[in-house]
Each structure stands twice: as structure tokens, then as C-alpha cells.
Amino acid sequence: MSITDDEARAMVARAVRRIVPDAEVETLAPGADLRRTFELDSLDFLGFVELLVSDSGVRIDEDDYPELTTTAGCADLLVRRSA
Amino acid sequence: MPSLGADMESGTLVEWLVHEGDTVHRGDPMAVVDTDKSAIEVESFDEGVVESFLVEPGTRVAVGTPLASLAPAEAGLSTAAKARVPKPRVPVPLGAPPLRHHAAELGVDLTRVSGTGPHGEVTRADVDRAAAEPRAAARPETAPVRPAARGTQVSPYARRLAEDLGVDLARVNGTGRDGVVRAEDVRRAAEAAARPGPAQAEAREEAPAAEAAEVPASPERSARATIAALMSRAKREIPHYYVATTVDLSAATEWLRRTNRERTVGERLVPAAVLLKATALAARQHPELNGFWVGDGFVPGEDVHLGVAVSVRGGALVAPAIHHTADLDLGEVMAALRDLVERARAGRLRRAEMADPTLTVTDLGDQGVEEVIGVIYPPQVALLGVGRIVERPWAVDDMLGVRPTVRLTLSGDHRATDGATGARFLNTLESFLQHPEEL
């Protein structure tokens, strides 16, 4: 099942908010660094990836992590992998 | 009220997790206690039936105060056996020096404070309440309480509660000092959401009064004060020495990459798990660094319970233990680490986790620093600081290469050990890190 760009963005926002409940993801610049903006440490980030995987059903490997730096990067990966 | 750390004098009972009449076993979580640093689950010290609660939620009591009475499970409720308590309750009489000092600090006139102690004595909580009152009164009753915008402090317990109740923290009015969002605010918001209409307005008007009735000082401020007291004690009492080394992590990171490719996301390991396990094994070989300085001597820890420094959103810092770290495999260390960090941030640590660390690791690599020269947590005698994993030029077999490396710094208590012990410990740790498959 393919994921639309809007759905992917919503998944990213949901995953971030599960870790940082008061994070304002929607107003974040698409190119802003997620880990730095929300001060995600390596465990937070692992949790974030876990939520993305369980929500979207796509496979994400450690080698993909560099793509997950920004909301836009995360959304692009989800859209591409689900296509 | 158990002592949840060497520096703890009192705690606030946040909520009961059991009911009167419930049967509890040794180790069952019974209550949530707020220690200024974080909310912690307190477990039962005994088997039995909960006969009665002796302390109401929201009350701050001294360490040693009985919280509940348990009756033996078979004997029913008739023979009341008090839950084990280390010390009888010591009410603070009006004008006792520590209280007077506390009142002076907060600018509270003790003669104007009404006591809520057993014989009308003024307690510390009364002083805190009196200190909070002028602020509450100065605020017009109808003025809307500041909403919790981004950056507003939220107590760990409130955050967890908000998640449980599905409350959007951005919509909660913080009524704590400086707009801090407290558990009570979250509950009120949840109730208001359930009863639309006038309920919300009513709840807002109640807020200042409710605050005056039960709020001690802001949790974040107390958390700072707790850290301040503990770290001042460390620097005052512990003659620190420091030894450091830079370790080649290429074997460990390569091994992690391979193993993580075969693991599902939830089972993947982070380098911190490898470092913790290796540290625990090294500590077992150097027991003189694993334990406590008590009075005039060193008392070794019964096992290696590594403390992990965790910064909690909202400003607090806690260093709870992963029990028997050296006996866990890497997957278990990883699971324990995730569980611990999650619960630390949600304000759900257990008493033993706070009380038991025998050696603490502080890993600030995620904050991007290369080196951490840390302060020992008294009464422990050592602390390992871990920096960021950095690619550095590295000479090996007369060749220059680029390797992932990490800077490890051991802070040692010079009363307990000498630098040579610290150096041997780091050498052992380094050799464990070269063989990650054996961890």
C-alpha cells in the first residue's frame, strides 16, 4: 500500500510527538534537523524510527538513518519505500 | 517514606497505586513519590494486606514517615503490622532551626503560618505553601492562567499523566510556580475536556486556590536545588582524580553494524549499550571502583549496578541503576537502558533503581561533546564520562588510518583508590571494547 506525502508527514509528526509531546512539528521548516531541534538522543531516535516502521510498515535500516535527518527526508523515504 | 537517595530529606506522596484491602507482595509498586528530582515508584517492603493509608496524596512528609499500614496476609486486618519504616516521624516544631532557616530563605514569617502538623506544628510544607500564597493572591482570580507554550516546564509525572489521559500539554494551564504544569493541571484539563462548557471556566477560577492549598515549591526549582546540594557535597568531600584514554571503536561499530542489520528496529543496539556492558565487566574486575565511601572507608557494592545519567526534559538529572549489568547480555542491557530512560522521563523510576547504583556512567556523546570529565555521585567512588564517537586519524602498525574513537574519562575518589587503579580499569575496559562479540 503506497503512502502519500501528506500521510508520510503526518506519520513523522505523530512519531516525533510520541517522544516529545509538545513538539511543534507542523510549523518546523522541512529542512530543519529533527534530532537537533527536538534534542533527540540515540535512544529517542531509535524509538522514533521504531514508530515510523510500525506506523508505515516500511523497512528502515541503519544505513537509511542519514536520510532521516529532516522531516522532508523522512517523508520522502516513507513514500519511496511504500510505492 | 523511604530514602531514595543519600540527599533526600522528604518526599511528596503523589498517588497510591493500590487500594485499601489489596494484597501486596514484596516488591509490588505501591505508590508514586515525588522526590524533587523525579517521580519514583515505591514498592512494598513486605507481604500483606493494605490495612490503611496514613498519608494522603499531595502530602510532603519526612523520610521515615510511615505511609501505610499492612496487615499480615493470613491474619486479615486485625493485627496491624506497620510497613517497615527506618525512623519514626519527626514533626518539625515551630521555629526549629532548619525550618526557621527555610522560612527565612523564602521570606516567610513563621508566626503567620498555620501549622498542619499533628499538634498544629508548622511543617516545611506549610512554609512552602505560605511562600506560594502571596503570588497566588496577587494574581487576579479571573485572569487566565498562562497556557503551557513550548518551552514551558512540565513536571515528569504530569507529562506521563498527560500521555495516559490523552491530554494535549499545549492546552494545559500551568498553575505551578512560573507556569509550571503539574499533575493536578493535567487532571483538571482532562476533566474539563470530559465536561465541556462551564466546567472549564470553573476549573480555571479554582486554580489559584488549589495551588495555595497544596503546592510546595516548583518541582524544577527543587530539582535544581537537589542537584546543587549533591554536587556541592561531591566537590566538597571527594578529592577527585581523573584519568582518560581514547579508544579505537572500529571493532565495536563494525560489529554493531553487522548485528543491527539482522535485528528488527526494536532490537537494534546503540553504542551506549556496548559501552555500558563493557564498563560493567571492567568494574567487576576492579571492585575497588564499584561501591561506596561510607564514613571513613570503602564498602564494595554487592554487585555491579551501573548508574546511567539521564537528563529529563524539564531540567532534572537522574542516574538510576541497571541492576546486575554485568550479567545481562547486550540485548538485555539495551532493553533495560531503553526502559530506564523512558521511565526516568515519564517519572516512573523505582525506589531501588535510585538507591542502588554502585558506579555511574555519564554519556554526553549525544550532546556532541568529545570529552566528559564528570563529578562523582556521592557516596559512589567513581564515574565514567563518555564522549561522542568521533572519527580521528589513528596510527596502527605504522600506518595512519581514520577510525571511530571515543574518549573515556574516569573520575575517581582519591580517598578510595589511586590513579593507577583508574588506569588499570580503563585498560580493562578498552580490551573488552575490542571484542564486542564476547560481550
Side-chain angles (χ1 to χ4, degrees), chain A residues 3 8 10-29 32-71 73-75 77-78 80-82, chain B residues 147-154 158-164 166-172 181 186 253 256-273 275 308-311 313-314 334-342 344-346 363-368 388-389:
Chain A
I3 296 169
M11 284 174 190
V12 173
R14 223 167 17 238
V16 170
R17 227 177 279 114
R18 283 282 295 278
I19 294 158
V20 187
D22 51 2
E24 290 173 2
V25 192
E26 282 82 1
T27 55
L28 187 70
D33 189 311
L34 277 175
R35 291 181 73 158
R36 207 167 302 152
T37 308
F38 298 116
E39 294 181 1
L40 305 181
D41 61 23
S42 52
L43 293 181
D44 292 331
F45 188 72
L46 187 60
F48 169 71
V49 175
E50 210 176 350
L51 289 165
L52 283 187
V53 167
S54 65
D55 228 13
S56 67
V58 307
R59 183 187 166 94
I60 301 178
D61 288 315
E62 268 192 339
D63 295 339
D64 299 321
Y65 287 3
E67 270 195 78
L68 303 180
T69 314
T70 63
T71 45
C74 294
L77 181 77
L78 295 185
R80 200 171 72 240
R81 285 278 157 85
S82 67
Chain B
R150 172 162 171 73
T152 299
Q153 307 278 35
V154 181
R159 194 176 288 285
R160 185 186 67 79
L161 200 64
E163 207 169 322
D164 287 355
V167 170
D168 179 1
L169 279 171
R171 293 169 183 277
V172 177
V181 174
V186 174
T253 48
L256 275 174
R257 218 167 66 83
R258 275 204 313 273
T259 182
N260 280 344
R261 229 180 282 160
E262 286 153 22
R263 289 169 187 259
T264 63
V265 191
E267 292 168 339
R268 282 180 200 162
L269 306 175
V270 296
L275 282 157
V308 183
V310 179
S311 65
R313 284 172 209 286
M334 185 65 203
L337 178 65
R338 293 189 74 179
D339 175 55
L340 200 65
V341 170
E342 196 171 305
R345 295 199 170 138
D363 182 347
L364 290 180
D366 283 321
Q367 315 304 325
R388 180 161 56 103
I389 298 174

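Every chain is numbered from 1, with letters handed out A, B, ... down the list of sequences. Being a predicted model, the structure only gives us computed values, none of them experimental.
Ion pairing between A:Glu50 and A:Arg18 fails under the 4.0 Å rule for side-chain N and carboxylate O. No salt bridge links A:Arg35 with A:Asp33; every basic N to acidic carboxylate O contact stays at or beyond 4.0 Å. Under the 4.0 Å criterion applied to side-chain N and carboxylate O atoms, A:Asp64 and B:Arg261 are not assigned as salt-bridge partners.
With a threshold of 4.5 angstrom between heavy atoms, A:Val49 approaches chain B through its backbone and through its side chain. For A:Arg59, the part sitting under 4.5 Å from any heavy atom of chain B is the side chain, from C-beta outward, and nothing else. In this structure, chain A has no heavy atom under 4.5 Å from any part of B:Arg263.
In the displayed structure, B:Glu342 atom CD is contacted under 6.0 Å by at most 12 heavy atoms of other residues, nucleotides or ligands.
The candidate with the highest count of non-hydrogen atom pairs below 4.5 Å against chain A, out of B:Asp363, B:Val270, B:Thr264, B:Val341, is B:Val270. Interface summary for chain B: among A:Asp61, A:Val53, A:Leu46, the most heavy-atom pairs under 4.5 angstrom belong to A:Leu46.
Partners of B:Asp339 according to the side chain to side chain contact (heavy atoms under 4.5 Å, CB included) rule, which considers only residues two or more places apart in sequence or in another chain, are B:Arg343.
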